[in-house]
Peer 1: 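After the structure tokens below, expect a handful of questions from me.
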Amino acid sequence: MPELVFFSGTMDCGKSTLALQIEHNRSARGLQGMIFTRDDRAGAGKLSSRLGLVTDAVEAAEGFDFYAYLVGHLSKGGRCDYVIADEAQFLAPEQIDQLARVVDDLELDVFAFGITTDFRSKLFPGSQRLVELADRVEVLQVEALCWCGARATHNARTVGGEMVVEGAQVVVGDVNAGDEVGEVGYEVLCRRHHRRRMTAATARAAALSPDVLPVPAEEFSDRPTVRS
């Protein structure tokens, strides 16, 4: 039976690389897929991986109708055996509904790839709808790491190396960027350092001493003084 599968994870965990691998494996067996993406780092109409791999794709801009596009393609004699949708977090909920309809009515497998939460730890509407509708949700096993070495679970937006928690939900950028003054970038962090807004730049990760527990100063003010 065809499925709607959502592959999720933080930035830098290999989602686009896996999308390209699925495309390679299936095309090597004579299958023909249709690749869609939205706001890829390589530009419109591209699906790219940080490993340097890139392929052409259909840009699924705002208002794009997946179901109508595929029906039109098939009606003209085109072939499509499966669908890949990268950067699915940027899609509108109604576009996710269209992908589900592609699975149910056109009987095509749909593989969607995207991050689950934004830089504020809030669900992207597209990702939320995928969690609600997908036949399977697969969390990628290639773990991205926080600067401290712990497993990264949160995406942080940075400006000049400092974490920001306000602004538009979608601002295109990339990891390993944003250290210059005024430059927007992204960094993956563990929950603890996301809560503390401690990026690699602000924490001076290379020389950081072990974290001290955040105990309020007033807890020490009433303690008796020990004299020798």
Peer 1: With distance as the sole test, does S127 use its side chain to make a donor-acceptor pair with the main-chain N or O of I115 at under 3.5 Å?
Peer 2: yes

Peer 1: Please check if the side chain of T202 supplies one atom and the backbone of M198 the other of a donor-acceptor pair under 3.5 Å.
Peer 2: no

Peer 1: Could you check whether F66 and F64 have their ring centres less than 6.0 Å apart?
Peer 2: yes

Peer 1: Answer yes or no: is there a side-chain heavy-atom contact under 4.5 Å between R26 and F111?
Peer 2: yes

Peer 1: To the nearest 0.5 angstrom, please state how far the CG atom of D86 sits from the CZ atom of F113.
Peer 2: 7.0 Å

Peer 1: To the nearest 0.5 Å, tell me how far T199 OG1 sits from R157 CZ.
Peer 2: 14.5 Å

Peer 1: Between Y69 and F36, does the ring centre distance come in under 6.0 Å?
Peer 2: yes

Peer 1: Between T37 (side chain only) and D40 (backbone N and O only), is there a donor and an acceptor less than 3.5 Å apart?
Peer 2: no

Peer 1: So do the side chains of L53 and S48 get within less than 4.5 Å of each other, counting heavy atoms only?
Peer 2: no

Peer 1: Quick one, V139 and F7 - any side-chain contact, counting heavy atoms below 4.5 Å?
Peer 2: no

Peer 1: Is it true that atom CZ of R79 has more than 12 heavy atoms of other residues, nucleotides or ligands lying nearer than 6.0 Å?
Peer 2: yes

Peer 1: Do D81 and L108 touch side chain to side chain, with heavy atoms closer than 4.5 Å?
Peer 2: no

Peer 1: Does the pair T116 and L123 meet the rule for a side chain to side chain contact (heavy atoms under 4.5 Å, CB included), with working shown?
Peer 2: CA-CA 6 Å; T116 309; L123 283 169; 3.3 Å; yes

Peer 1: Carefully, step by step, assess T117 and N155 under the rule side chain to side chain contact (heavy atoms under 4.5 Å, CB included).
Peer 2: CA-CA 7 Å; T117 57; N155 305 295; 4.2 Å; yes

Peer 1: Do Q89 and E87 pair up side chain to side chain, a donor and an acceptor below 3.5 Å, judged on atom types alone?
Peer 2: yes

Peer 1: Is it the case that more than 12 heavy atoms not belonging to R197 sit under 6.0 Å from its CZ atom?
Peer 2: no

Peer 1: With the side chain counted from C-beta on, respond yes when K15 and T17 share a heavy-atom pair under 4.5 Å apart, and no when they do not.
Peer 2: no

Peer 1: May I ask you to check whether over 12 heavy atoms, not counting those of H73, lie within 6.0 Å of atom NE2?
Peer 2: yes

Peer 1: Closer than 3.5 angstrom, by distance alone: can the side chain of W147 be matched with the main-chain N or O of V188 as a donor-acceptor pair?
Peer 2: no

Peer 1: What closest approach, in Å, do G161 and A201 show between heavy atoms, and which atom pair accounts for it?
Peer 2: O-CB, 3.7 Å

Peer 1: Which residue is it: H194, R195, H193? I am looking for the one with a side chain to side chain contact (heavy atoms under 4.5 Å, CB included) to R191.
Peer 2: R195

Peer 1: To the closest 0.5 Å, what do you measure between NE2 (H154) and SG (C146)?
Peer 2: 11.0 Å

Peer 1: Please answer: with hydrophobic residues joined when any side-chain heavy atoms are less than 4.5 Å apart, are M34 and I84 in the same cluster?
Peer 2: no

Peer 1: Under a 4.5 Å side-chain heavy-atom rule over Ile, Leu, Val, Met, Phe, Trp and Tyr, are V102 and I35 clustered together?
Peer 2: no

Peer 1: Kindly work out whether a path of hydrophobic side-chain contacts (I/L/V/M/F/W/Y, heavy atoms less than 4.5 Å apart) joins V131 to L99.
Peer 2: yes

Peer 1: Is V5 reachable from L18 through a run of I, L, V, M, F, W or Y residues, each pair having side-chain heavy atoms under 4.5 Å apart?
Peer 2: yes

Peer 1: As an exercise, state the distance from CD1 of I96 to CG of L133, rounded to the nearest 0.5 Å.
Peer 2: 8.0 Å

Peer 1: Where do L106 and L70 land on the side chain to side chain contact (heavy atoms under 4.5 Å, CB included) test, with the steps shown first?
Peer 2: CA-CA 9 Å; L106 302 183; L70 286 163; 4.0 Å; yes

Peer 1: Taking the basic N atoms (NZ, or NE/NH1/NH2) and the acidic carboxylate oxygens, is any pair closer than 4.0 Å for D105 and R101?
Peer 2: yes

Peer 1: Do L189 and M163 have side-chain heavy atoms sitting under 4.5 Å apart?
Peer 2: yes

Peer 1: Are any side-chain N or O atoms of D135 and backbone N or O atoms of E3, one a donor and one an acceptor, separated by less than 3.5 Å?
Peer 2: no

Peer 1: Does the distance from a Lys or Arg side-chain N to an Asp or Glu carboxylate O, for D56 and K46, drop under 4.0 Å?
Peer 2: yes

Peer 1: Taking Y67 as the starting point, is it possible to reach F6 by hopping between hydrophobic residues whose side chains are less than 4.5 Å apart?
Peer 2: yes

Peer 1: Apply side chain to side chain contact (heavy atoms under 4.5 Å, CB included) to residues S8 and L140 and explain how you reach the verdict.
Peer 2: CA-CA 6 Å; S8 69; L140 297 194; over 6 Å; no

Peer 1: Quick one: do the Q98 and E94 side chains pair a donor with an acceptor below 3.5 Å?
Peer 2: no

Peer 1: About how many Å separate CG of L91 and CG of L130, when rounded to the nearest 0.5 Å?
Peer 2: 7.5 Å

Peer 1: Does the distance from a Lys or Arg side-chain N to an Asp or Glu carboxylate O, for R129 and D97, drop under 4.0 Å?
Peer 2: yes

Peer 1: With a 4.0 Å cut-off on N to O distance, would you call E59 and R38 a salt bridge?
Peer 2: no

Peer 1: Quick check: closest heavy atoms across A134 and V137, and the distance to 0.1 Å?
Peer 2: CB-CG2, 4.1 Å

Peer 1: Quick check against the 3.5 Å criterion: does E162 have a side-chain atom that pairs as donor or acceptor with the backbone of V159?
Peer 2: no

Peer 1: Are the side chains of L47 and V54 in touch, meaning some heavy atoms are under 4.5 Å apart?
Peer 2: no

Peer 1: When you compare the side chain of V110 with that of Y82, does any pair of heavy atoms fall below 4.5 Å?
Peer 2: no

